[in-house]
Amino acid sequence: MSKPSLPQGTRDFNAATVQKRQYIFQTIRSVFETYGFQPLETPSMENLDTLMGKYGEEGDKLIFKILNNGLDNPQKRAQIDEGWDKVIAGKNNATITERALRYDLTIPFARYVAMNHGQLTFPFKRYQIQPVWRADRPQKGRYREFYQCDADVVGSDSLLNEVDLLAIYVTAFEKLKLPVEIKMNNRKILLGLAQVCGGEEKLIDLTIAIDKLDKIGWEKVKEELNNKGFSTQQQEIVEGYLNISGTNDEKINQLANLLGENENGKKGIEELQYVLSYHQSTGMDKYLVADFTLARGLNYYTGLIFEVKAMDAQMGSIGGGGRYNDLTSLFGVPNIPGVGISFGVDRIYDVLEEKNLFPTSIDQGTQVLFFNLGEAEAKVAYAQMMQLRDKKIACEMYPEKSKFDKQFKYAEKKGIPNIVIIGADEVSNQNCSIKNLATGQQTNVAFKDLLNYSF
RNA sequence: GAGGGCGUAGCUCAGUAGGUUAGAGCGACAGUUUGUGGCACUGUAGGUCGUGGGUUCGAGACCCAUCGUUCUCCCCA
């Protein structure tokens with residue numbers, strides 16, 4: 001028997017951790033509900049072809065695939081061998097695998113909308129809090145199983161949805177007391193840039209290069225652009241684009257000059273301005289930062305895109321989202337525009353922990369420990385305890401008659417603030433001794449008054 | 001997919017240029033006269049040194065492989 005272990009990139013959560021995670025979930029959930037979003041849950045596995053091809057080449061490689069059952073069936077040997085050959089050649093084959101663990105919550109949601117659009121009332125606003133799985137190499141802030149909290153609106157083109165979703169971000173992070181910056185860009189701006197220098201078909205090469213700016217620096221980006229066949233003149237435009245700086249308004253002005261009369265550029269800027277100006281009136285614009293180098297990997301985005309960064313923390317993005325104008329057409333139902341955001345709970349947890357931002361009051365453990373002083377006494381004490389439990393006070397009784405020392409230590413280790421002692425004397429006097437472990441104060445309380453005692 | 005670090009008691013780690021029976025702190029358990037904890041003292045248990053090879057008279061230490069873990073890059077939440 002080998003030592004038990006956990007699959008790579010997965011974790012157990014102990015009591016204290018679960019409570020802190022619940023605090024994050026509940027905070028986000030209550031904000032979602034306040035904004036009129038309703039819950040949805042989908043299965044942890046989807047058909048493989050629902051997921052494949054939606055996350056780009058890199059993403060497809062990170063999907064956890066589930067091996068089919070019955071591969072040991074000798075009668076299907078030939079078929080299975082053929083299937084394996086295809087899998088080994090890098091293709092998917094339904095004989096070997098036809099299901100996979102979900103990689104995010106957006107695509108399963110799109111699949112749900114495509115399947116149920118006849119019954120849904122649009123605009124349809126749903127939130128979803130569930131784990132997702134990625135076959136990534138685990139490292140800091142990166143797990144193979146982690147939770148996302150998504151809110152999406154489908155069936156509406158209005159930018160008011162973007163405004164609303166940004167407000168959700170701001171409200172949730174304010175409640176969590178986590179200082180953040182929300183970066184915004186627009187795919188249309190990136191498209192406009194591509195059209196101005198090199199053409200639309202270079203959009204992907206261009207965004208990949210731009211995205212690397214803060215990691216590898218301009219010289220290397222320039223080199224990469226050169227390799228991808230961008231002319232000197234085009235490279236200069238990109239350089240000008242990347243050098244845009246200042247306040248949001250200043251950046252937008254510089255961008256407008258650079259992109260000139262390009263239709264996509266103008267539209268992209270207009271949308272960005274709309275959302276920014278809306279949030280000037282809510283006061284939330286102080287969190288919003290126009291960042292034209294923001295690209296985002298998922299290739300289904302078509303409009304405004306967002307990414308949330310925790311301030312002063314060594315951590316990748318803790319949330320992201322954007323507009324996708326035609327996601328359901330991947331599943332045969334065209335013309336349902338959508339926009340959504342996602343919270344990365346596990347990373348938010350790591351940042352809150354690192355910065356010590358969890359409130360101290362979320363520890364919801366036992367309030368009162370009843371000492372066990374023997375069979376007869378325990379029976380009397382148990383009846384008293386049950387009354388407190390009826391009043392929703394968390395109580396427990398030490399399960400065996402042990403020395404005081406031991407029972408005290410148990411209370412201490414579990415962080416139980418109060419103990420109640422009911423021994424032979426107390427039973428005959430119909431009262432109990434209540435001791436507060438922090439202060440050491442001990443008082444006698446009659447059984448009939450116990451219910452009104454404030455612990 | 002590429003590249004580093006680290007695997008010694010339940011936990012955190014020591015372990016000198018390879019040399020006898022592998023150590024400490026914390027934790028656990030027991031006790032210091034069996035109704036009042038935190039402190040202190042005493043004692044007890046607990047290790048195939050990740051695994052498998054190799055070098056050597058001799059390996060926890062050196063070499064190779066393998067597994068696990070962690071971090072960076074890629075990409076992402």
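Computed over heavy atoms, backbone and side chain alike; hydrogens, waters and symmetry mates excluded.
With both pairing distances under 3.5 Å, B:rG1 is matched to B:rC73 as a Watson-Crick or G-U wobble pair. When both pairing distances are held under 3.5 Å, B:rA65 makes a Watson-Crick or G-U pair with B:rU51. Here B:rU21 sits opposite no nucleotide as a Watson-Crick or G-U wobble pair (both hydrogen-bonding atom distances under 3.5 Å). The partner of B:rC41 is B:rG31, by the rule that a Watson-Crick or G-U pair needs both atom distances under 3.5 Å.
In this entry the distance linking CZ of A:R137 with C1' of B:rA77 reads 19 Å, nearest Å. For the pair A:I305 CD1 and B:rC76 P, the computed distance is 11 Å after rounding to whole Å. Atom CD in A:E58 sits about 13 Å away from atom P in B:rA77, given to the nearest Å. One interatomic measurement links the two molecules: CG of A:D12 to C1' of B:rU69, which rounds to 16 Å at whole-angstrom precision. As a whole-Å value, the separation of A:K309 NZ from B:rC76 C1' is 13 Å. A straight line from CG of A:N14 to P of B:rC11 spans 15 Å, rounded to a whole angstrom. The interatomic distance linking A:D346 (CG) with B:rC76 (C1') rounds to 13 Å, in whole Å. Between A:I24 atom CD1 and B:rA77 atom C1' there is a gap of 13 Å when expressed in whole angstrom units.
The 12-atom threshold is exceeded at CD of A:E354, counting heavy atoms of other residues, nucleotides or ligands nearer than 6.0 Å. Heavy-atom contacts from other residues, nucleotides or ligands closer than 6.0 Å to CG of A:N14 number more than 12.
Taking atom C1' on both nucleotides, B:rA9 is separated from B:rA45 by 11 Å, rounded to a whole Å. Atom C1' of B:rC63 sits at a distance of 42 Å from the matching atom of B:rA77, rounded to the whole Å. B:rC74 sits 27 Å from B:rU66 when the P atoms are compared, rounded to a whole Å. When the P atom is compared between B:rC49 and B:rU33, the two are found 42 Å apart, to the nearest whole Å. Comparing B:rC73 with B:rU12, their C1' atoms sit 30 Å apart, to the nearest whole Å. Nucleotides B:rU20 and B:rA65 have their P atoms positioned 29 Å apart, rounded to a whole Å. For the C1' atoms, the distance from B:rG53 to B:rG15 is 25 Å, rounded to whole Å. B:rG18 and B:rU56: their P atoms are spaced 16 Å apart (whole Å).
Residue pairs meeting the salt bridge (charged side-chain N to carboxylate O under 4.0 Å, His left out) criterion with at least one partner in residues 435-455 of chain A, sequence neighbours excluded, do not occur; the list is empty.
At the heavy-atom level, A:K413 lies under 4.0 Å from the strands shown only through sugar-phosphate atoms. Contacts of A:Y143 with the nucleic acid, taken as non-hydrogen atoms under 4.0 Å apart, include base atoms. Across all strands, A:G59 comes closer than 4.0 Å to no nucleic acid atom at all (heavy-atom distances).
Checked for salt-bridge contact, A:D346 and A:R21 meet the test: a charged N lies under 4.0 Å from a carboxylate O. Note on A:E162 versus A:R323: salt bridge recorded, some NZ/NE/NH1/NH2 to OD/OE distance being below 4.0 Å.
On a pure distance criterion of 3.5 Å, a polar donor-acceptor pair joins the side chain of A:R347 and the base of B:rC76.
Partner of A:F331 under the side chain to side chain contact (heavy atoms under 4.5 Å, CB included) criterion, chosen from A:I336, A:I107, A:V113: A:I107.
Ring planes of A:Y300 and A:Y324: perpendicular class, angle over 60° (limits at 30 and 60°). Using bins of under 30°, 30° to 60° and over 60° for the plane-to-plane angle, the ring pair A:Y398/A:Y410 lands in the perpendicular bin.
With sequence neighbours left out, A:D150 forms a salt bridge (Lys or Arg N to Asp or Glu O under 4.0 Å) with no residue at all.
Distances shorter than 4.0 Å separate none of the side-chain N or O atoms of A:Q139 from OP1 or OP2 on B:rU70. Residue A:K406 places at least one side-chain N or O closer than 4.0 Å to OP1 or OP2 of B:rA30.
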Exercise for the section: Assign a letter to each nucleotide of nucleotides 35-42 of chain B from its 5' end: B, base within under 4.0 Å of a protein heavy atom; S, sugar-phosphate only; -, no contact. Expected result: BBBB----

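Between A:G344 and A:L6, it is A:L6 whose nearest contact on RNA chain B lies nearer the 5' terminus.
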